[in-house]
Amino acid sequence: MRRARVELGASLQTRAAMLDIQLLRKDLAQVAQRLAARDITLDSARFEALEGERKAIQVHTQELQAKRNQLSKQIGMAKGKGEDTSALMAEVGGLGDELKAAEERLAAIQEDLSAMLLTLPNLPHESVPAGRDDKDNEEVRRWGTPREFPYPPLDHVDLGENLEMLDFPTAVKLTTSRFVLMRGQLARLHRALAQFMLDVHSREHGYEEVYVPYLVNADSMRGTGQLPKFEEDLFKLSNGLYLIPTAEVPVTNIVRDEILPADNLPIKLVAHTPCFRSEAGSYGKDTRGMIRQHQFDKVEMVQFVKPEDSYAALEELTGHAEDILQRLGLPYRVVALCAGDLGFSSAKTYDLEVWLPGQNTYREISSCSNFEAFQARRMQARYRTEKDGKPGKPELLHTLNGSGLAVGRCLVAVLENYQNPDGSVTIPEVLRPYLGGLERIARR
RNA sequence: GGAGAGGUGGCAGAGUGGUCGAAUGCACCGGAUUCGAAAUCCGGCAUAGUGCUUGCACUAUCGGGGGUUCGAAUCCCCCCCUCUCCGCCA
């Protein structure tokens, strides 16, 4: 049965649906209500109409397929015994057109349903604050006290350029705007930050360090939800591969199409990678300095956990990112994103915002999210529990990730918070071992 | 870039048009045997979806897509990937 083959169910689940379609069938009202918190209106009537039609046609299609299979089997048996098969052939032949029509119809409806489900973001967790945009985000806690400056503090651009270590014009010459060239001790400090973060997470927080590809295929981008909705934010190469916008993509997709033994969980991975973002639609935003670049480095933490552990894991992971800021002595606050400000795939997100004296404000430096089973469902990333020594059914695991931290923005924060009146910058103590004991960066 | 080989269940590996969702082996689980273990024997052991009388039935899946046929893992077309050799190369 190759002709007009219909992918029943499986495709709907693996390639399209990110929300649990079972939940939509069982409790559509609840889904609609929880999506409303994100300002998304679910067309319930349309879903029910499509779903009703899908059910009727699928049953009909499967009945025809069963009949066809049964008759074909009989033909095989009859031929084996050398009997006449013309009567059976005639009977099964009559099914052809009807079956083909039913299969095509079913495929079309599955596609409509998929297209509809693809547009739906994850459901916010019950603990997520209500709200429409970033103004409704909830500050959870603050750490550290912003330093008082007896003079107007410089921002990182002035500091870096005065040091002759931060060079935007040359970067433009080499490529385009939104890239940067760092030199000397500043480049070294940037590297030290990444090393420091990687070391703390891998040695003290229990993460396994991984080195990953920076180019990935479309399946990986779909797995974590960058595709199909956010293609314009990505850099695509002529051979169809994409530059990663975050290590989340290659690291999380490690478990795509895998069934892990429950004993292996939780799995905690950390990677340092460059990240590439086209920043389409952000023209005119943060054009000055290193805050918003096409290329930046990030240390990313990823966890794969059992569903019952994922909210504890989110707190833990957020704490790991906070620990970096604390060791660096950088004041920050933790913000719980409101429902309307959540990323597409996230059920709950904490942003860490670091204090930037040059801007006299807190700026995002980390984002820690629990995706629950949303990404796992797309990736078919599962684990299997043993019950009484017997292997149980595979279940979707929960995925989380968080920046620990964005290296470029962290460099900005160090420059601005540790600046001295003479334009030099003191090196935070924890970084000095990475810089051969260097205590301050000054103009040569 | 050139030449060749190949993609089948957790793994290895048969299967070239018909009771094939797929032999066999390994691994794994249960039972028998044993004081216990090993060995041996017996049985079980993919994923997803749909329906309902929730335990059964049905459907789909042998790299992906399309085609031929009453019927495809098996035949045809396109694509992807892996491996080997050569070339190039950090």
Side-chain angles (χ1 to χ4, degrees), chain A residues 1-18 20-26 50-100 102-107 109-111 113-114 117 211 213-223 237-242 253 255-264 373 376-397:
Chain A
M1 204 275 298
R2 282 295 182 75
R3 180 179 46 212
R5 207 185 120 254
V6 178
E7 296 202 24
L8 299 171
S11 76
L12 195 65
Q13 198 67 6
T14 55
R15 248 169 267 147
M18 292 173 69
D20 184 2
I21 193 165
Q22 306 289 0
L23 184 63
L24 273 89
R25 286 176 186 147
K26 215 165 35 186
L50 283 172
E51 178 55 19
E53 203 176 347
R54 186 230 97 226
K55 189 186 275 195
I57 293 172
Q58 183 164 350
V59 169
H60 181 58
T61 305
Q62 292 191 347
E63 278 170 358
L64 289 172
Q65 287 172 330
K67 195 166 175 190
R68 189 268 328 272
N69 289 348
Q70 195 190 333
L71 287 170
S72 292
K73 205 166 254 185
Q74 285 176 22
I75 291 171
M77 286 190 278
K79 282 205 167 176
K81 293 183 212 153
E83 295 167 1
D84 175 54
T85 57
S86 55
L88 286 167
M89 297 275 266
E91 193 180 351
V92 78
L95 291 175
D97 288 345
E98 194 184 357
L99 180 56
K100 189 176 179 184
E103 283 172 340
E104 282 171 357
R105 188 84 190 287
L106 182 58
I109 285 174
Q110 300 275 38
E111 200 146 309
L113 266 173
S114 298
L117 288 163
Y211 174 85
Y214 303 155
L215 301 179
V216 300
N217 57 32
D219 281 342
S220 294
M221 287 295 184
R222 268 192 287 274
L237 277 63
S238 56
N239 64 359
L241 295 178
Y242 297 85
N253 275 281
V255 297
R256 173 154 51 88
D257 295 322
E258 298 290 333
I259 300 175
L260 308 167
D263 292 347
N264 289 15
R377 187 170 297 111
R378 276 205 151 183
M379 294 193 297
Q380 284 299 295
R382 291 165 294 174
Y383 71 101
R384 197 194 295 276
T385 317
E386 299 233 330
K387 279 177 189 160
D388 310 320
K390 287 180 186 167
K393 267 188 89 76
E395 295 177 61
L396 294 171
L397 44 77

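Small disclaimer: the values here were computed from a predicted structure and weren't measured. Chain letters run A, B, ... following the sequence lines, proteins first and then strands; every chain starts at 1. Heavy atoms only: backbone and side chains are in, while hydrogens, waters and symmetry mates are out.
Judged by closest nucleotide on RNA chain B, E51(A) is the one of A66(A) and E51(A) placed further toward the 5' end. Both G76(A) and V92(A) sit near RNA chain B, but only G76(A) has its closest nucleotide nearer the 5' end.
The nucleotide U69(B) finds no pairing partner, because no Watson-Crick or G-U wobble arrangement with both distances shorter than 3.5 Å includes it. With both pairing distances under 3.5 Å, C62(B) is matched to nothing as a Watson-Crick or G-U wobble pair. Of the nucleotides present, none pairs with G36(B) by Watson-Crick or G-U wobble criteria with both distances under 3.5 Å. G21(B) makes up no base pair with any nucleotide shown, lacking Watson-Crick or G-U wobble contacts both under 3.5 Å. In this structure G87(B) sits in no base pair that meets the Watson-Crick or G-U test at under 3.5 Å. Across all strands shown, the partner of C28(B) is G44(B), judged by Watson-Crick or G-U wobble contacts whose two distances both fall under 3.5 Å. C56(B) is paired with G51(B) under the criterion used here, namely a Watson-Crick or G-U wobble arrangement in which both key atom distances are under 3.5 Å.
Inter-residue side-chain proximity for R384(A) and R382(A) is flagged as unmet; no heavy-atom pair is nearer than 4.5 Å. A 4.5 Å side-chain heavy-atom check between Q65(A) and Q62(A) finds at least one atom pair inside the cut-off. You'll find the side chain of L396(A) stays beyond 4.5 Å of the side chain of D20(A), heavy atoms only.
Between G71(B) and N69(A), no contact under 4.0 Å exists linking OP1 or OP2 to a side-chain N or O. Listed pair R68(A) / U69(B) fails the phosphate criterion, with no side-chain N or O lying under 4.0 Å from OP1 or OP2. Phosphate contact (OP1/OP2 of G51(B), side-chain N/O of K55(A), threshold under 4.0 Å): present. Close to U47(B), at under 4.0 Å from its OP1 or OP2, lies no side-chain N or O of R382(A).
Nucleotides A23(B) and G15(B) have their C1' atoms positioned 8 Å apart, rounded to a whole Å. For the C1' atom pair drawn from C56(B) and A39(B), the interatomic distance equals 39 Å after rounding to whole Å. When the P atom is used for both G71(B) and A60(B), the distance is 12 Å, rounded to whole Å. Straight-line distance between the P atoms of G64(B) and C11(B): roughly 15 Å, to the nearest whole Å. For the P atoms, the distance from C80(B) to C28(B) is 40 Å, rounded to whole Å. Comparing the C1' positions of C78(B) and G25(B) gives a spacing of 36 Å, expressed to the nearest Å. A distance of about 39 Å separates the P atoms of U34(B) and G13(B), rounded to the whole Å. For the C1' atoms, the distance linking A14(B) with U74(B) amounts to 13 Å, nearest Å.
For M89(A), counting side-chain heavy atoms from C-beta on, the closest listed nucleotide (A48(B), C70(B), G51(B)) is C70(B). Of the candidates G49(B), A60(B), G21(B), the closest approach to any side-chain atom of Q65(A) belongs to A60(B). With G21(B), C70(B), G49(B) as the choices, the nucleotide that has an atom nearest any side-chain atom of Q62(A) turns out to be G49(B). Distance from the side chain of R384(A) is smallest for A46(B) among the nucleotides A60(B), A46(B), G18(B). Relative to the side chain of M77(A), the nucleotides U19(B), C70(B), G49(B) differ in distance, and U19(B) lies closest.
Atom CZ of R256(A) sits in a crowded spot, with more than 12 heavy atoms from other residues, nucleotides or ligands closer than 6.0 Å. Within 6.0 Å of CG in N239(A) there are more than 12 heavy atoms belonging to other residues, nucleotides or ligands.
Summarising the geometry, the separation between CZ on R377(A) and P on U47(B) is reported as 18 Å, rounded to the nearest angstrom. The CD atom of Q58(A) sits 16 Å away from the P atom of A48(B) (whole-angstrom rounding). In this structure, E63(A) atom CD and A60(B) atom P are separated by 13 Å, rounded to whole Å. Counting to the nearest Å, the C1' atom of U59(B) and the CG atom of L99(A) are 11 Å from each other. Per the geometry, NZ belonging to K100(A) stands 12 Å off C1' belonging to G66(B), to the nearest Å. For the pair Q110(A) CD and A60(B) P, the interatomic distance rounds to 14 Å; values are reported in whole Å. Residue I57(A) contributes atom CD1, which lies 23 Å from atom P of C58(B) at whole-angstrom precision. Separating the CD atom of E103(A) from the C1' atom of U61(B) is a distance of 14 Å, rounded to the nearest angstrom.
Counting only N and O atoms by type, the side chains of N217(A) and S220(A) include a donor and acceptor under 3.5 Å apart.
A salt bridge is defined here as a Lys NZ or Arg NE, NH1 or NH2 lying under 4.0 Å from an Asp or Glu carboxylate O, and E103(A) with K100(A) fails to meet this definition. One finds a salt bridge joining D219(A) and R222(A) here, because a Lys/Arg side-chain nitrogen approaches an Asp/Glu carboxylate oxygen to under 4.0 Å.
Residue I75(A) is in base contact, counting any heavy-atom pair closer than 4.0 Å across all strands shown.
The base of G18(B) is paired with the side chain of K79(A) by a donor and an acceptor separated by under 3.5 Å.
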